[in-house]
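Working notes, structure below.
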Amino acid sequence: MARSNSTSCMKQVALGAVLSLCLAACSDFYYDRRDSVHLSAGDANANNIAVQTIDLWPREAANRTIHTNGEVSQKAIERYRQGKVIQPRGLGTSSVEVAPTNNGPAVQQ
């Protein structure tokens with residue numbers, strides 16, 4: 001009877017060894033070629049890239065205190081409601097305005 005206990009114990013040990021090898025293959029660490037000094041080393045390259053990234057928005061963009069004239073805004077809203085919107089002028093860099101014709105695009109000579 002002592003012999004059957006030892007064989008079942010050996011089978012359990014062998015099964016445990018096989019299971020531990022299978023679980024070790026599921027590890028997320030790739031030990032052979034790792035791009036760091038030590039396995040517990042941080043990712044300094046990604047940190048440096050994040051710190052040196054240029055923020056495209058200027059500081060003034062975060063300012064939510066916008067000073068406006070309430071009377072002018074109210075008049076503009078009333079004109080919009082009545083359908084009497086003032087058409088904006090062109091925002092070009094040239095001081096000469098070119099009006100389109102019915103025959104096609106305007107050409108300045």
Side-chain angles (χ1 to χ4, degrees):
M1 182 119 179
R3 188 162 231 208
S4 71
N5 274 345
S6 66
T7 55
S8 68
C9 184
M10 291 291 281
K11 287 181 183 179
Q12 288 178 354
V13 169
L15 180 65
V18 169
L19 286 176
S20 64
L21 285 174
C22 290
L23 290 177
C26 296
S27 176
D28 62 342
F29 291 114
Y30 185 56
Y31 297 107
D32 190 24
R33 290 181 172 84
R34 189 158 170 100
D35 191 22
S36 66
V37 177
H38 192 267
L39 291 175
S40 64
D43 197 357
N45 291 338
N47 183 37
N48 290 338
I49 290 170
V51 168
Q52 296 175 11
T53 300
I54 298 171
D55 188 10
L56 299 177
W57 291 95
R59 283 188 185 162
E60 293 81 22
N63 184 9
R64 295 184 180 173
T65 308
I66 301 171
H67 301 286
T68 59
N69 188 342
E71 293 176 13
V72 174
S73 299
Q74 184 179 4
K75 289 178 185 177
I77 291 170
E78 288 300 320
R79 281 195 310 269
Y80 178 75
R81 286 184 183 158
Q82 296 172 2
K84 300 178 182 176
V85 179
I86 299 172
Q87 294 297 325
R89 290 189 286 162
L91 298 175
T93 56
S94 175
S95 62
V96 178
E97 287 190 32
V98 179
T101 61
N102 293 338
N103 297 337
V107 178
Q108 184 180 4
Q109 294 182 3

Next item on the list: Nearest 0.5 Å please: distance from the CZ atom of Arg79 over to the NZ atom of Lys75.
Entry: 8.5 Å
Note to self: Would you compute the distance between atom NZ of Lys11 and atom SG of Cys9 and round it to the nearest 0.5 angstrom?
What the structure shows: 12.0 Å
Checklist line | Value rounded to 0.5 Å, distance of CG in Leu15 from CD in Gln12 | finding: 8.0 Å
Check: What residues, two or more places apart in sequence or in another chain, satisfy side chain to side chain contact (heavy atoms under 4.5 Å, CB included) together with Glu78?
Finding: Arg81, Gln82
